[in-house]
Amino acid sequence: MTDALFPLSAAADDDLLKGLNPPQREAVEYRGPALLIVAGAGSGKTRVLTHRIASLLRSREAWPSQILAITFTNKAAGEMRERVEQIVGDSARGMWISTFHSACVRILRREAEQFGFTKAFTIYDSGDSRALLKRLVREREADALGLTPAGVQSRISKLKNELADAESYARDANMNDPAERKFVEIFGDYQRELQKANAFDFDDLIAQTVFLFRAFPHVADVYRKRFRHILVDEYQDTNHAQYQLIRELTRPVQAEAAGGMVFEDEPAASLTVVGDSDQSIYAFRGADIRNITEFERDFPGAKVVLLEQNYRSSQNILDAANAVIRNNFDRKDKRLWSDQGEGEKIVGFTGYSQHDEAQFVADEIEKLRRSGIDYQQMAVFYRTNSQSRALEEIFIRAAVPYKIMGGTKFYDRAEIKDALAYLVAVANPADEMAVRRILNKPKRGIGDVTETTIARFAADNGLSFRDALAHPAEMGLGPKLQKAIAQLDEVLREASGILFPASGEQAPSSAVTEGLQVLLNKSGYLDALRMSRDPQDEARVENLDELVAVTREFARNNPEGTIVDFLTEVALVADTDDLDDESGAVSLMTLHTAKGLEFDAVFVTGVEEDLIPHRISAGEPGGPQEERRLFYVGITRARKRLYLSLAMTRAQFGEVTVAMPSRFLQEIPAALIDWKQSPGDVNSRGGTQSRALNARRPGGSSDRWGVKPLPAGGGLKPKSTAMDRFPGLVTNKVRDNGDLELAAGDRIRHDDFGEGTVDAITGEGAKRIAHVRFDEAGAKKLLIKVAPIAKL
DNA sequence: GTGCGTATTCTTTTT
DNA sequence: GAATACGCAC
């Protein structure tokens, strides 16, 4: 199909291009083998992408089934599908809009039989694969060589993202190193176990699809012919395996003629990728920024379109974002701009503790709410999931409605994993891990010894672990154990009858619910929880009810859905809360989760050294730069209001530590931030003059915070560093009052707040906090160790 | 085999 | 501070 046969109709043209700026139009209209859209934050890339798809469909250049659109998250996929449907209606149906992982699962399920798997293969999440590796590490006594399950897991994951397998790795590895040899053994074991269990881990989903395409070109050709237009979103976050997958799919289809002559049957599919190297935040997971920077080399003749106009944020927010990101060297200069006006200043706040910080956030959220911003238009970001707890505690007390995106997932709960393991045991009996997991849940008196006995019996008789359960009498076990095993076997059998009817017909989608209920009830799992006196078990029963409700919902949405479809959805769709949630709650999430979203008001919390940039990233090459991009992503989510907050002390490991302001804060020009309470207000001795909060110098106390714009022309002068600017703050050389003893009733003098009376002392040792009522500045909490105070 | 108490380690980010 | 690991008693 060509443009000549199906020219764009004028009507379609108008409609789809209306309101787009020139580069956006170009990105929608360009036709050619390869297109790279460099889309800055908030530059309307989703709009461009959806309109491009719609334009292909409207002009009849492509059938829906010829389009493959890849997004990074399921949420983004859902959103894109919805938006395309809004434009082109039902014809959006046949398109593949999904994540890399879902698309690969679809392909693998179709082709599984080609290479020794069945359609019902299980998908191991990271917890599953860690459990498996734990066993292998123990069996091989690899811990003696310093190998841990987590370490092995991450190495294997990295290797798979590079499309390496145990054999290819072994070729280049130093096999004289015993630890290295052991690792190779375990890698090999792990892969064999997966194969035996008819299972793929997350990384396999991509890598095995690539291997499949390479090993079976005729299979690959089917997909090459089918997908004529491939669009990849968040291209900067693709890893090598994903990149190779795209390459495989965009090869021209070659057909071999009778005489052995090769000619091109069909040209390569057209490829559109959208990305922003400034928003690459998944290098830790193997994302290779070069995939985007070297796009033009890899796809000669590629068209590049730059989208730099931002339609999301006010100029102040963009200025801050630009100022931060330009500190990353080795990037193409790119400046976001907006015509929406300056907007409000960014608000800064420093709390004494993470609770103090959380209280500030809660207070501001209430203020915003009163000013007319809905809760669902506000979001709070943090670097690590553990930071959400302090926020939750305060939000609950302050009655701020909130929802946590991602984080501890519903499907990570033990009872849910148990229930799913029951379903897996039925759907994919080869999955030994699943069967082992449920073997003694609820307690049946089957421990390690019995488990091993069963495994040995299975091996001796050439049975699978699951099938061995049908022969309890032959294992030399006691009558009690025999009965327990027979009963488990019976329950699995019954559920199997429901989910896979003997008639050979496909079970109705309602069978999933029915099967799950049978498994939970007749196995005694639910009874055991109900009888328990542990109050947590009550919640577990409720969670299981919830899971049953999920299966009903699934059956409703997928009338043709099978148990395998259900398990796929559960394995790949991480969070339960989706975007159609109109619950009117503030969203809490990590900075990573925040990518691709936007809110009227955004709070970036914990802007501290060791958090952002995270301590662990400091030693890794490119780590601090990636952290800066992460911070940049957080900032650019905000439409109207941006808050940056931190705490001077933070509890982690159950211990309170002193926190330092993040180096990124000083990269933001001072004029952009209005500090409600700057780090200097909290514990720095600061300037030479007394400076009570209510007696600020003109311009506020904030001008020590943030760097003035660099002199025009860049200048070769080295940039000021944290050390110059914040003596005693960003270094470890904090003022130390040593063992200054204070007690309630004492009078003290504070460099900034003047004189006051101590009300109370809380905390211990170096983390003692004085609650002080100042004569002028009012009530304050001070960290005794570092506060600029003296006893009178 | 199970249950309980104590010791130890741990936390980056996700499909 | 929490989740897991290990040791010991029943």
Side-chain angles (χ1 to χ4, degrees), chain A residues 70-77 98-105 123-131 134 138 143 148-150 154 157 160-161 200-207 234 237-239 241-242 280-287 381-390 393 405-409 411-412 414 439-440 442-452 477-478 480-481 484 532 534 568-575 589-596 606 610-620 623-624 626-627 629-631 633-634 650-656:
Chain A
I70 305 259
T71 61
F72 198 66
T73 63
N74 292 294
K75 185 189 269 183
S98 67
T99 62
F100 272 106
H101 295 267
S102 318
C104 287
V105 169
I123 300 163
Y124 278 13
D125 66 20
S126 38
D128 298 328
S129 67
R130 178 135 77 252
K134 215 177 200 168
R138 206 179 12 239
D143 46 339
T148 64
S154 95
S157 171
K160 286 185 174 178
N161 287 335
F200 295 102
D201 66 18
F202 272 140
D203 302 312
D204 274 343
L205 295 178
I206 315 289
E234 308 284 13
D237 285 324
T238 51
N239 60 36
Q242 291 164 334
S280 162
I281 55 176
Y282 284 101
F284 73 92
R285 201 170 90 188
F381 303 155
Y382 35 80
R383 176 66 234 267
T384 66
N385 280 303
S386 61
Q387 288 168 252
S388 70
R389 185 176 305 153
E393 283 168 12
M405 319 285 280
T408 318
K409 288 159 205 137
Y411 294 108
D412 276 347
L439 199 56
N440 199 31
K443 301 240 178 316
R444 298 186 172 93
I446 304 176
D448 273 352
V449 178
T450 313
E451 189 176 325
T452 311
L477 297 167
K480 233 175 157 175
L481 281 169
S532 155
D534 185 342
T568 302
E569 188 171 306
V570 168
L572 259 30
V573 179
D575 30 281
M589 68 192 85
T590 65
L591 286 161
H592 283 88
T593 310
K595 194 176 66 165
D610 290 352
L611 222 39
I612 179 154
H614 196 276
R615 177 152 27 93
I616 295 173
S617 75
E620 285 161 21
E626 174 146 322
E627 298 286 312
R629 291 194 291 269
L630 191 54
F631 187 50
V633 165
R650 189 166 292 274
Q652 51 188 3
F653 292 131
E655 213 168 306
V656 182

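Below, read A as the first sequence line, B as the second, and so on, with proteins coming before strands; counting in each chain starts at 1.
Aromatic ring pairs are classed by plane angle as parallel below 30°, tilted from 30° to 60° and perpendicular above 60°; the pair A/His101 and A/Phe202 is perpendicular.
Contact between A/Leu591 and A/Gly634 at its shortest, heavy atoms only, is CD2-CA, 3.7 Å. Residues A/Asn239 and A/Asn161 approach most closely at ND2-OD1, 3.3 Å, considering heavy atoms.
Nearest to the side chain of A/Asn385, among B/dT2, B/dT13, B/dT12, sits B/dT13. The side chain of A/Ser386 sits closest to B/dT11 out of B/dG1, B/dT14, B/dT11. Taking every side-chain heavy atom of A/Thr593 into account, B/dT14 is the closest of B/dT15, B/dT2, B/dT14. Nearest to the side chain of A/Thr384, among B/dG1, B/dT14, B/dT13, sits B/dT13.
Distance A/His614 NE2 to B/dT12 P: 6 Å, rounded to the nearest Å. One interatomic measurement links the two molecules: CG of A/Asn161 to C1' of B/dT14, which rounds to 12 Å at whole-angstrom precision. Taking atom NZ of residue A/Lys480 and atom P of nucleotide B/dG1, one finds them 12 Å apart after rounding to whole Å. At whole-Å resolution of the value, CD1 in A/Ile616 and C1' in B/dT9 are 13 Å apart. A straight line from CZ of A/Phe72 to P of B/dT15 spans 7 Å, rounded to a whole angstrom. What separates NZ of A/Lys75 from C1' of B/dT14 is a distance of 13 Å, to the nearest Å. A/Ile612 has its CD1 atom 13 Å from the P atom of B/dT13, to the nearest Å. As a whole-Å value, the separation of A/Leu205 CG from B/dT15 P is 13 Å.
An OP1 or OP2 oxygen of B/dG1 is reached within less than 4.0 angstrom by a side-chain nitrogen or oxygen of A/Thr450. At the phosphate of B/dT14, neither OP1 nor OP2 sits under 4.0 Å from any side-chain N or O atom of A/Thr73. Contact between the side-chain N/O atoms of A/Asn239 and the OP1/OP2 oxygens of B/dT15 is not found at any separation under 4.0 Å.
Under the stacking criterion of a centre-to-centre distance below 5.5 angstrom and an interplanar angle below 30°, A/Phe284 sits stacked against the six-membered ring of B/dT13.
Each of A/Leu205, A/Val105, A/Ile70, A/Thr71 was compared with A/Thr99 under the side chain to side chain contact (heavy atoms under 4.5 Å, CB included) criterion, and only A/Thr71 meets it.
At a cut-off of 3.5 angstrom, the base of B/dT15 holds at least one donor-acceptor pair with the side chain of A/His101.
For the C1' atoms, the distance linking C/dT4 with B/dT13 amounts to 22 Å, nearest Å. For the C1' atoms, the distance linking B/dT12 with C/dA5 amounts to 24 Å, nearest Å. Nucleotides C/dC6 and B/dT11, compared at atom C1', are 22 Å apart to the nearest Å.
Both A/Glu627 and A/Leu481 sit near DNA chain B, but only A/Leu481 has its closest nucleotide nearer the 5' end. Comparing A/Tyr282 and A/Ala150 along DNA chain B, the residue whose closest nucleotide (by nearest heavy atom) sits nearer the 5' end is A/Ala150.
Using a 4.0 Å heavy-atom criterion, one finds that A/Arg389 contacts the sugar-phosphate atoms exclusively. Contacts of A/Asn440 with the nucleic acid, taken as non-hydrogen atoms under 4.0 Å apart, involve only primed sugar atoms and P, OP1 or OP2. Residue contacts shown for A/Phe100 are absent, as no nucleic acid heavy atom lies under 4.0 Å away. At the heavy-atom level, A/Lys134 lies under 4.0 Å from the strands shown only through sugar-phosphate atoms.
Extent of DNA chain C lying under 4.0 Å from chain A heavy atoms, first and last nucleotide in 5' to 3' order, is C/dG1 to C/dA5.
Rounding to the nearest 0.5 Å places OG1 of A/Thr384 at 11.5 Å from NE2 of A/His592. Remark: A/Arg285 CZ to A/Asp237 CG distance equals 7.5 Å, nearest 0.5 Å. Atom-to-atom distance recorded for A/Arg615:CZ and A/Arg383:CZ is 11.5 Å, nearest 0.5 angstrom.
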### Task
Report the C-alpha separation of A/Tyr282 and A/Glu234 in whole Å, then their side-chain angles, then the decisive distance to 0.1 Å, and conclude whether the side-chain contact (heavy atoms from CB on, under 4.5 Å) test is met.
CA-CA 11 Å; A/Tyr282 284 101; A/Glu234 308 284 13; over 6 Å; no
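Between A/Asp201 and A/Lys160 there is a salt bridge, with a side-chain nitrogen of the basic residue lying less than 4.0 Å from a carboxylate oxygen of the acidic one.
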